[in-house]
Structures are given as structure tokens and as C-alpha cells.
Amino acid sequence: MEISKTFTPEGIENKWYAQWLAYKCFKSTPDHRTPYTIVIPPPNVTGVLHMGHMLNNTIQDVLIRRARMKGFNACWVPGTDHASIATEAKVVHLLREKGIKKSDLSREEFLAHAWEWKEKYGGIILEQLKKLGASCDWDRTRFTMEADLSDAVTDVFIDLYNKGLIYRGLRMINWDPSAKTTLSNEEVIYTEEQNNMYYIKYMLSDGSGHLPVATVRPETIPGDVAVCVNPNDERYQHLIGKTVIVPLVNREVPIIADEYVDIEFGTGALKITPAHDINDYEISKKHNLPVIDCLTESGTISEEAGIFVGLDRFEARKLARKQLEADGVLYKTEQITNQIGRSERTNAIVEPRLSLQWFLNMRNFMDKNPEVLSDVMDDKLKFYPPKFKNTYKHWIDNIKDWCISRQLWWGQRIPAWFDESGNIAVCKTEKEAQEILKTTKVRQEDDVVDTWFSSWLWPISVFDGFKDPENADINYYYPTNDLVTAPEIMFFWVMRMIMAGYEWKGEKPFKNVYYTGIVRDKMRRKMSKSLGNSPDPLDLIAKYGADGVRMGMLMCTPAGNDILFDESIVEQGRNFSNKIWNAFRLVKSWEIDGTIENPSTDIAIVWFQNRFNEVINQIDDDFSKFRLNEAMMAVYKLIWDDFCASYLEMVKPVFGQPIDKKSFDATIDFFDQILRLLSPFMPFIAEEIWQNIETRPEGVFLCTSTFPENKPTQNTVLEEGNKVRLLISEVRNLRSQKQISPKTSIKIQLDPSLGISTDWNGILKKMLNLDELLFSNEDDKNWHVSKLDTSRFWADLGDNIYVDEEISKLTKDLAYQEGFKTSVLKKLANEKFVQNAPKAVLDIEHQKLADAGSRIAIINEQLEKLKA
RNA sequence: GGGAGUUUAGCUCAGCUGGUUUAGAGCACCUGCCUUACAAGCAGGGGGUCACUGGUUCGAACCCAGUAAUUCCCACCA
């Protein structure tokens with residue numbers, strides 16, 4: 001049967017993935033083996049696979065597949081996150097397109113729509129991951145809003161409330177007056193805009209003059225409760241403690257002092273409007289000032305303002321300006337550029353607004369669980385790369401309370417009930433609440449919890465660790481091994497999972513955290529839908545194969561560094577697939593003759609086995625440091641350079657000739673070993689070839705076979721192999737320089753002191769097309785001497801010596817050697833160096849000098865010969 | 001404004017405890033080849049003031065200080 005010249009992945013990938021699933025290769029249940037667990041960072045249900053997911057999940061799959069082959073009970077738990085804000089926004093948008101307004105629906109009706117949407121589109125991303133080859137245990141697929149996981153959220157909320165860690169408090173939030181909803185920070189878009197800065201005189205109550213105040217929001221003047229100056233500001237020091245009259249409303253407010261005020265900015269006097277500015281609010285709390293909220297939820301002026309009531313905030317601004325001018329207190333107007341936050345969805349200018357929210361007291365939580373910080377700092381829970389430990393520490397040191405409530409419907413509703421007089425019961429059911437509050441007239445809190453308040457439980461709740469703390473799964477799989485995620489959610493997610501782990505399991509949720517970089521385009525822009533600079537991962541898989549894409553992603557992603565994506569990197573992956581495929585074609589084409597023997601390949605077999613062992617050891621080391629790119633590169637070079645370019649060329653029979661049984665068996669065995677090594681990285685092509693180099697029983701797969709074990713290496717064989725490869729390269733170089741066809745056979749004389757044994761004779765003769773290979777250090781004047789810096793050999797090239805070219809090359813070599821010698825001499829001439837450097841270093845320098853000297857001598861000798 | 005990082009070849013990165021490093025890899029580039037597994041390939045080649053300035057040291061890409069550029073996180077200015 002003819003094997004195609006290029007590797008065609010499509011059919012092969014689907015075939016093996018289906019088989020792996022059919023034979024439950026990725027299924028995990030607790031048993032006697034050591035577990036190796038990864039929980040997937042659950043992608044948003046609204047999500048569509050992007051390059052970031054590709055990178056992240058490729059890494060997880062490599063880790064889990066290798067662990068599986070190493071004999072661990074590997075368990076990769078997949079799932080999705082309900083993503084409150086993103087999903088709700090999407091559903092609202094879709095409903096609007098159908099002409100349905102959210103405000104016309106009841107909570108239950110809206111949630112019905114949302115669930116319908118989730119069932120229809122929610123699993124797309126997981127299906128896409130299968131195309132990548134992700135070896136998740138799909139029977140364990142979880143969703144953060146399914147019953148058990150939501151129960152867990154409710155339980156921990158109640159638990160934390162009872163522990164006194166959850167409280168209600170006022171907080172400044174981003175309010176969209178157009179949509180009448182809260183916005184998360186991510187939904188606020190800041191842009192630079194032109195605005196007027198108004199300079200206003202606030203008259204002192206005692207009539208002794210005025211205090212100048214600058215503001216861009218004169219319509220909030222009715223909300224002023226103080227004017228604040230810096231205590232070190234000499235201009236205003238004498239005014240502290242006096243009072244001023246607030247313009248427009250003629251209210252008397254104090255002049256207070258606070259270091260927060262920037263002396264240089266504006267007039268150096270800041271009006272304090274606690275209801276409409278977060279900093280003002282903080283200051284007002286510090287100084288026990290009242291709060292006057294002069295805006296309504298739709299952005300119009302409230303009754304409390306006492307002026308312009310009912311007007312839109314921008315209309316009020318215009319009127320305020322006119323009024324201030326008329327009153328003669330507006331003395332200057334200036335154009336300034338400042339940052340304005342607008343709602344991503346409605347483009348309305350966002351209004352800072354005070355509202356009652358639920359909080360988790362983070363400081364107390366941390367004090368209760370000091371391991372959250374100490375384990376990371378002490379490397380009991382390792383971060384890769386470790387530089388993120390600093391960021392982590394900085395966050396925890398400056399931690400703020402976590403606002404866990406969201407004014408949405410899609411999510412876990414906060415388990416709190418109120419009676420008519422506002423008493424609170426935090427409990428699981430309405431019935432319990434009625435009992436606690438001693439009334440049937442109870443009303444549940446409308447808000448849901450922040451999405452992260454469910455995902456921080458993920459490593460526990462996917463194993464039903466809350467429903468059933470004695471569950472065999474949680475006790476077996478927890479703590480998990482690795483978490484692979486983006487550094488941008490270290491604070492939102494990673495830290496909070498660690499917190500949850502200690503609080504409810506008394507133990508860290510994972511042993512290692514591997515932070516990946518952000519996938520950017522060649523211009524260093526983040527890949528995003530709106531920029532349209534992100535390729536569709538599925539198209540890439542179709543074009544280059546899943547294995548090619550996986551390899552491309554792995555090769556260029558050192559831990560924590562961004563990856564600059566360009567199609568050429570996956571092209572390299574595809575080319576590599578093709579290279580392996582062609583090695584397979586070659587081996588498949590061999591005809592075996594059991595009656596012949598070819599002892600000349602013995603040394604190649606010994607050499608490659610050692611080279612293989614060396615790479616296995618290196619890869620082990622790379623994995624222990626999470627350097628997957630290095631590991632991938634090592635496999636790439638082993639296969640391309642060592643196996644294909646060297647080993648196969650060494651054992652390959654002359655065209656048309658059969659191969660001996662021993663060489664063939666060894667080659668098949670090496671191929672098998674190599675594919676085992678490759679399988680975690682490029683599982684599809686590895687499986688396909690592995691299933692075809694030998695007949696395998698039904699249901700036996702490479703991906704569930706064993707990974708090659710570490711073995712010691714014999715360094716002498718490896719060194720000899722390196723010399724042989726250098727020699728081959730130099731002879732080829734010589735041929736190419738002298739334009740001697742590879743078909744023309746030549747004679748070579750090797751200096752025995754090189755250390756290349758006669759075991760290599762057969763291989764050298766075949767690969768270099770030699771008709772004679774002599775071992776001698778006798779200089780034959782008629783022969784050509786090779787490049788001298790790496791090895792010494794003589795080649796009989798007949799009449800093919802080009803003297804000028806050779807002289808120029810040797811002269812260049814000579815200059816390098818002389819320069820090198822000078823630098824060493826300089827070092828040795830330094831008395832302090834000779835006195836202070838350790839003996840070993842001195843010996844090395846002397847050796848360098850001697851080597852350079854002898855090389856120079858040989859070059860000179862050779863030059864003379866050529867010039868003669 | 002506060003914090004953390006980064007700066008080595010055209011690009012992406014290695015370079016461990018300062019000493020076989022007048023610095024390596026992959027890709028890209030240039031030259032020559034369709035040589036019976038592979039042109040998605042083979043053979044060969046060029047390319048770097050290790051950001052800059054100073055210091056420590058017998059010795060610095062590596063340690064220290066300063067400068068510059070740059071990235072990320074947090075907070076955001078009346």
C-alpha cells in the first residue's frame with residue numbers, strides 16, 4: 001500500500017480521538033495508583049475557543065498525558081463557568097433582538113431564557129477542545145451553576161456569614177444611569193475627553209473673604225458637605241476649622257484638612273461630595289461627614305439636592321454654570337482633558353454611586369489563614385515563573401474587602417432574607433428564614449454573588465467536596481497537582497481558590513501554578529475579536545493539524561512570557577509532523593532479510609540509545625521546572641537531528657538492498673520509544689504511526705502505554721558520536737567547497753588521537769562515500785588537511801584543491817586563533833589574576849593557551865604548504 | 001501616583017553558583033542542490049559593543065547603583 005508523501009491529519013485525528021473515547025482512555029476513578037489531577041480553568045459558557053485557550057489547554061494536556069503514561073492515575077476535570085455578567089449581557093442582547101425587554105420579564109422567566117440559551121450554545125467550547133486533543137475525563141464535566149455547585153456556593157456564603165466574615169456595607173459602584181444597572185470595572189471604558197473646569201468662590205461664613213474651589217461637576221455642588229485643604233498648604237492653613245457657604249444652596253459647611261488633597265492641583269481646595277466621588281466618600285467617612293445624594297438612579301437631580309430637581313445631570317450642569325455666573329462666584333472657566341468612564345453597553349457616562357452591597361472581610365480571612373500567603377512565599381505551593389510571587393504578596397499586603405454581590409439575575413442568588421423591618425436572616429431556605437424572622441412576610445435578596453464566588457470553590461466542588469466531605473473522589477484527588485492559567489486572574493481566581501482551599505479543606509488546592517503568557521499578534525497587540533487579529537483556532541487545526549498547532553504553541557511559550565503568534569510557528573509544527581511521517585515511510589519501505597548480518601550498525605544503535613537516554617533525562621528536568629518549550633525543543637531535535645538526520649542515515653541500507661533483522665528491530669524499537677516520548681506533545685501522529693509500525697491488539701493505545709524511563713548514559717559513546725557528526729559535516733563541507741559530487745568517492749585518513757574508533761568505519765564509509773578510510777597521524781604532503789579547529793583528518797581530493805580559497809579560509813582561522821590566544825595571554829599576564837584565581841581556572845587558561853598555540857602551528861604549517 | 005518585571009542575533013528566547021562563552025538555540029535570511037523517506041526537504045553560510053553609564057572583583061551578559069526604553073498589575077485626581 002502506498003503511503004502518502006505528506007502527513008494528512010484530518011481523518012487520522014478524528015479517528016483516534018473517537019477510539020480513545022470509545023475505550024475510555026481518559027476516564028479516571030480512584031484506585032491504588034498515585035493520582036495526578038488538573039482541574040481546567042473553566043471557560044465561560046459564552047466563550048468560543050480562542051488562541052489563549054489553545055495555549056492554556058495544550059499545556060494542560062501535555063502535563064496530563066505525560067502523567068498518564070508515567071503510571072499516575074491522571075484525571076483532568078473539564079467544565080464551564082456560568083460567567084454572570086458576560087452571559088446575562090449576551091442573553092439580554094439576544095432577547096432585545098427578539099423584541100423582548102428584560103424589564104418586562106420576571107426573574108423566573110428571564111432565567112428560563114438564560115438556561116435555554118446555555119443548553120443550546122453552552123457546550124461549544126468543550127467540543128472545540130476535543131479537536132485539540134484534550135484528554136479530559138468528559139464524564140466529569142461540571143458547570144458552575146449546576147445544582148451541587150450552586151449548593152456549595154450557598155453553603156459557604158452561610159458559613160462565612162455565621163463566622164462573621166460577610167457583612168453589608170455602603171460602597172461606591174459604577175452605575176449606568178441609562179441601563180439602570182451596576183457595571184463591573186471591566187465594563188467601564190475610559191476615554192480622554194475635553195471638559196470645562198469651573199473655578200468657583202466659596203464665600204467664608206464670617207465674611208472675611210472666600211476660598212477658591214475648582215470642579216468639573218458643578219451640578220453636584222448641592223451635595224457638598226465640606227471643603228478640604230491640605231494641612232501643609234500655607235495659603236489655607238489659617239482657614240481650617242472655619243466654615244464656608246456652599247453656592248447655589250447657601251448651606252454652611254466646614255473647611256477640613258486632609259493630606260489627600262494635592263496642593264498643586266486646581267486651587268488646592270477640594271469640595272467634598274461624598275455621594276458622587278469615591279475619594280470624597282472616603283474622606284467624609286474619616287471626618288464623620290454626612291452624605292447628600294443629589295442624583296437619582298436615572299441620572300436626574302434628586303429631591304435632596306434642593307435645586308434643579310428632576311433635571312437631567314447635564315442639563316443641571318448648564319443651569320448651575322449660569323446661576324454661578326449670575327451669582328458672581330464663577331470667576332474662571334478652563335478647558336481640560338480628563339478621563340471619562342463610559343458604559344461599554346450604553347455609552348452613557350458612568351456615575352459613581354453609593355449602594356448597599358455584600359462584602360467579604362478579606363483581612364480577617366487572611367489572618368485566619370496565613371498559609372494563603374506563607375505557602376506561596378515558602379514555595380510549598382509553587383508559582384512558575386516565581387516572579388509572580390512578588391505581585392501576589394503585594395496584593396495580599398494591600399488587600400481590600402471583596403464586594404461579592406452583583407445586581408444581576410444569572411448566578412447564585414444570595415441566601416439572605418429580609419422581613420418588613422429590614423431584619424436579615426442568612427440561611428438555606430425561605431422556610432428557615434420565616435422561622436428565624438418569625439414572620440411569613442420575608443423577601444429574598446435580589447442580588448446574586450460574584451461569579452468568582454463560585455469559581456473559587458472549583459477545585460473542591462467539582463469533586464462534590466461540599467456536598468459530601470467524605471466523598472472518595474475529593475479525598476483521593478485533592479489537592480490537585482497543577483493549575484495552568486493566565487497571570488491576569490491571579491488575584492480574581494488563583495488567590496481566592498487558595499483561600500477557599502485552606503478555609504474548607506485545610507489544605508492548598510494545587511501544588512503548582514503555571515502562569516502562561518498572553519497571546520498577542522506580531523505587533524504585540526492582544527488578540528481580540530474587536531481587532532479581528534485572532535485567527536480561528538479551528539481553521540488553524542484544519543490547515544496545520546492539531547499536532548502542528550500544539551507544537552507551534554509549545555515551542556514559543558516560555559513560562560510567563562507573552563507569545564507573539566504568527567502562522568509560521570504552526571507551520572513549523574506541521575513541517576515537523578511531516579518529517580516524522582517521512583521517517584515512518586522510510587522504515588515502512590524497508591525489506592527485511594533475516595539471513596544477512598550487518599555489524600557496522602552496532603555502534604549506531606549503541607550511540608542512539610545513549611542519546612535517547614540523555615534526552616529523556618533532560619526532558620524530565622525540563623518538566624520539573626515547567627519548561628515545556630525546552631522539552632518540546634529537545635524532542636524536536638532528538639527526532640529531527642539525531643533520529644532522522646543521523647541515526648536513520650547510519651543504519652539505512654543502500655537503495656534497493658534489504659536491511660538486516662537486527663538493525664531493523666532496533667530501529668522499530670527506537671521508533672516506538674520516540675513515539676512514546678512524543679505522544680504527550682503530539683498525540684495524534686504519534687498514535688497513528690505507533691499503531692502502524694507493529695500490529696497492536698484491539699483497544700491498545702500509545703496514549704495509555706508507558707513513558708520511557710530514565711536510564712544512565714555512557715558519555716564516551718556520546719562524545720564519540722558528536723565527533724563523528726562533526727567529521728561528517730566537515731567532509732561534506734569540504735566536498736561542497738571543492739565541488740566534489742557526493743557520488744564521487746574519496747579517501748580519508750583520520751588521526752587516531754581524535755578518538756573515533758574503528759567501530760564507525762562501516763558507517764563513515766557509507767555516509768561519506770569513501771573508498772578508503774585510513775587511521776594514521778602521518779602527514780601525507782599530497783593530501784588535503786581539514787578545518788583544524790574541531791578535528792584532524794586528511795582527505796585525498798585528487799586535483800580538486802583550490803589554493804586561493806583555502807588560503808583565505810586558513811588566514812581567517814588564523815586571525816581568530818591569534819585573537820583568542822592574545823586574550824588568554826592578557827589574562828595570564830595579569831599578576832593579580834595569577835595570584836587570586838583558583839588553580840582549576842588557571843589550569844583551564846593554560847590549556848586554552850596550549851590548544852590555541854598548537855592550532856596556530858598547524859595552520860601556519862598548512863599555509864606554508866599551500867603557498868609553496 | 002504605588003508596585004512588579006523585562007531589555008542578549010532580523011524575530012522569539014536559553015545562558016544554572018561570576019571563570020572552556022572574543023556568547024548559544026529555533027525560526028527567518030543568503031548560497032547551492034528535486035541526491036530513490038521528506039523542496040513541508042538536503043548541504044553550506046552570514047549575522048550580536050549582551051540597552052546605556054559608573055562601581056565591586058584577579059575576572060561581569062551574570063552582582064551593586066544610576067539613567068533610558070518597555071510591559072503588566074493596582075489606584076486614579078477635584
Side-chain angles (χ1 to χ4, degrees), chain A residues 3 5-7 190 197-198 213-217 220 228 260-262 265-273 277-280 336 338-339 341 385 387-395 397-398 400 487-488 490-491 517-518 522 524 544 548 555-558 560-564 566 568-569 571-590 625 627 629-630 632-633 636-637 644-645 648-649 652 654-656 729 732-733 735-737 739 741-743 816 819-820 822-824 827 830-838 840-845 847-848 851:
Chain A
I3 307 171
K5 225 171 151 179
T6 49
F7 177 61
Y190 286 92
M197 171 92 96
Y198 302 98
V213 170
T215 180
V216 288
R217 303 200 57 189
T220 66
C228 189
Y260 169 78
V261 178
D262 181 352
F265 196 91
T267 63
L270 169 66
K271 73 187 196 70
I272 301 298
T273 323
D277 183 282
I278 180 67
N279 297 303
D280 291 11
I336 57 148
N338 61 353
Q339 297 265 317
K387 68 177 179 187
F388 288 114
K389 281 160 68 177
N390 294 330
T391 317
Y392 185 78
K393 182 173 193 307
H394 186 249
W395 270 342
D397 289 345
N398 295 288
K400 288 188 180 149
E488 51 208 22
M490 189 196 304
F491 179 66
I518 296 164
K522 281 219 114 176
R524 285 206 174 266
Y544 298 100
M555 286 275 265
C556 57
T557 175
N561 279 1
D562 287 355
I563 135 165
L564 267 59
D566 184 82
S568 66
I569 67 174
E571 201 179 314
Q572 195 188 346
R574 179 203 55 181
N575 293 355
F576 183 47
S577 301
N578 204 46
K579 186 73 188 174
I580 306 163
W581 184 250
N582 275 289
F584 166 64
R585 276 181 72 212
L586 172 68
V587 173
K588 260 307 198 201
S589 75
W590 286 345
K625 292 172 184 149
R627 304 169 84 153
N629 58 322
E630 305 262 339
M632 181 76 246
M633 180 59 77
Y636 177 78
K637 285 200 219 171
C644 295
L648 287 178
E649 294 295 335
K652 168 169 131 178
V654 177
F655 179 71
S729 158
R732 282 176 177 165
N733 194 357
R735 286 194 114 113
S736 124
Q737 274 172 30
Q739 299 179 333
S741 153
K743 286 175 185 160
Y816 177 88
F820 184 74
T822 313
S823 80
V824 177
K827 241 187 201 177
N830 184 337
E831 267 177 48
K832 285 180 178 170
F833 173 70
V834 178
Q835 274 167 24
N836 294 309
V841 175
L842 274 174
D843 287 350
I844 287 164
E845 293 302 319
Q847 186 60 48
K848 273 158 111 178
D851 287 354

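Just the heavy atoms: all of them, side chains too, but no hydrogens, waters or symmetry mates, feed the values below. Lettering follows sequence order; numbering is per chain, from 1.
- The side chain of N390(A) contributes an N or O atom lying less than 4.0 Å from OP1 or OP2 of rG5(B).
- Going from atom CG of D566(A) over to atom P of rC11(B) covers 14 Å, rounded to whole Å.
- By the side chain to side chain donor-acceptor pair (under 3.5 Å) test, D262(A) is found to be paired with no residue, residues two or more places apart in sequence or in another chain being considered.
- Residue W395(A) contributes atom CH2, which lies 13 Å from atom C1' of rG5(B) at whole-angstrom precision.
- Within 4.0 Å (heavy atoms only), E630(A) reaches sugar-phosphate atoms of the nucleic acid but no base atom.
- If you take atom P in rG46(B) and the same atom in rA25(B), they sit 12 Å apart, rounded to whole Å.
- Residue contacts shown for I278(A) are limited to sugar-phosphate atoms, with no base heavy atom under 4.0 Å away.
- Base pairing of rU49(B) is not made with any nucleotide, judged by Watson-Crick or G-U wobble geometry with both donor-acceptor distances under 3.5 Å.
- With ring centers used as reference points, W395(A) lies 6.0 Å or more from Y392(A).
- Pair check for rA4(B) finds rU71(B); Watson-Crick or G-U wobble, both atom distances under 3.5 Å.
- Close to rU20(B), at under 4.0 Å from its OP1 or OP2, lies a side-chain N or O of K848(A).
- Summarising the base pairing, rA28(B) is matched to no nucleotide, lacking a Watson-Crick or G-U wobble pair whose two defining distances lie under 3.5 Å.
- For E845(A) and rU21(B), the CD to C1' distance is 11 Å, given to the nearest whole Å.
- When distances run from any side-chain atom of F265(A) to the nucleotides rG44(B), rC77(B), rC38(B), the shortest one goes to rC77(B).
- For the pair R574(A) and Y816(A), nearest-nucleotide mapping onto RNA chain B gives the more 5' position to Y816(A).
- In this structure rA40(B) sits in no base pair that meets the Watson-Crick or G-U test at under 3.5 Å.
- If you check every strand for non-hydrogen atoms under 4.0 Å, T267(A) touches nothing.
- Pairing for rU35(B) is absent, judged as Watson-Crick or G-U wobble with the two contacts each under 3.5 Å.
- A donor-acceptor pair shorter than 3.5 Å can be found between the side chains of T273(A) and K271(A).
- For the pair R217(A)/T220(A), a side-chain contact is recorded, criterion being any heavy-atom separation below 4.5 Å from C-beta on.
- Comparing the C1' positions of rA61(B) and rU6(B) gives an interatomic distance of 15 Å, to the nearest angstrom.
- Straight-line distance between the P atoms of rU17(B) and rG1(B): roughly 35 Å, to the nearest whole Å.
- For the pair D277(A) CG and rC77(B) P, the computed distance is 6 Å after rounding to whole Å.
- Atom CD of E831(A) has 12 or fewer neighbouring heavy atoms from other residues, nucleotides or ligands inside a 6.0 Å radius.
- Side chain R732(A) to base rA43(B): no donor-acceptor pair is found below 3.5 Å.
- Remark on RNA chain B: of its neighbouring residues Q847(A) and V261(A), the 5'-side contact belongs to Q847(A), judged by nearest-heavy-atom nucleotide.
- D851(A) comes within 4.0 angstrom of no nucleic acid atom, judged by non-hydrogen atoms across all strands.
- Among rC38(B), rC77(B), rG19(B), the nucleotide with an atom closest to any side-chain atom of F833(A) is rG19(B).
- V216(A) comes within 4.0 angstrom of the backbone, heavy atoms only, and of no base.
- In this structure rA23(B) sits in no base pair that meets the Watson-Crick or G-U test at under 3.5 Å.
- Rounded to whole angstrom, the span from the NE2 atom of H394(A) across to the P atom of rG2(B) amounts to 11 Å.
- In this structure, N830(A) reaches the sugar-phosphate backbone alone: every heavy-atom distance under 4.0 Å involves primed, P, OP1 or OP2 atoms, never a base.
- Comparing the P positions of rG24(B) and rC16(B) gives an interatomic distance of 14 Å, to the nearest angstrom.
- Across the P atoms, rU31(B) and rU53(B) are found 36 Å apart, a figure rounded to whole Å.
- F7(A) places its CZ atom 15 Å from the P atom of rG41(B), with the value rounded to the nearest Å.
- Regarding contacts with the backbone of rG15(B), a side-chain N or O of R627(A) is found under 4.0 angstrom from either OP1 or OP2.
- Of all the heavy atoms in G268(A) and V261(A), the pair that sits closest is O-CG1, 3.3 Å.
- Across all non-hydrogen atoms, the minimal contact from L648(A) to A583(A) is CD1-CB, 3.8 Å.
- Atom CD1 in I844(A) sits roughly 18 Å away from atom P in rG59(B) (whole-Å rounding).
- Side chain to side chain, N390(A) and H394(A) fail the donor-acceptor criterion of an N or O pair below 3.5 Å.
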- Query: Which parts of nucleotides 25-37 of chain B does protein reach within less than 4.0 Å, heavy atoms only, written one letter per nucleotide 5' to 3' as B for base, S for sugar-phosphate only and - for none?
  - Reply: SSS--------BB
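- A gap of 37 Å separates the P atoms of rC52(B) and rA75(B), to the nearest Å.
- When atom types are taken as modelled, the side chain of D277(A) and the backbone of D280(A) share a donor-acceptor pair closer than 3.5 angstrom.
- With hydrogens and angles left out, the side-chain atoms of D851(A) and Q847(A) include a donor and acceptor closer than 3.5 Å.
- Between L842(A) and A837(A), the closest heavy-atom pair is CD1-O, 4.1 Å.
- At a threshold of 4.0 angstrom between heavy atoms, the contacts of W581(A) with the nucleic acid are absent.
- A gap of 14 Å separates the P atoms of rU36(B) and rC42(B), to the nearest Å.
- Regarding N279(A), its CG atom lies at a distance of 6 Å from the P atom of rC77(B), rounded to whole Å.
- Remark: rA61(B) base-pairs with no nucleotide; criterion is Watson-Crick or G-U wobble with both hydrogen-bond distances under 3.5 Å.
- Rounded to the nearest Å, the gap between the P atom of rC63(B) and that of rG15(B) is 12 Å.
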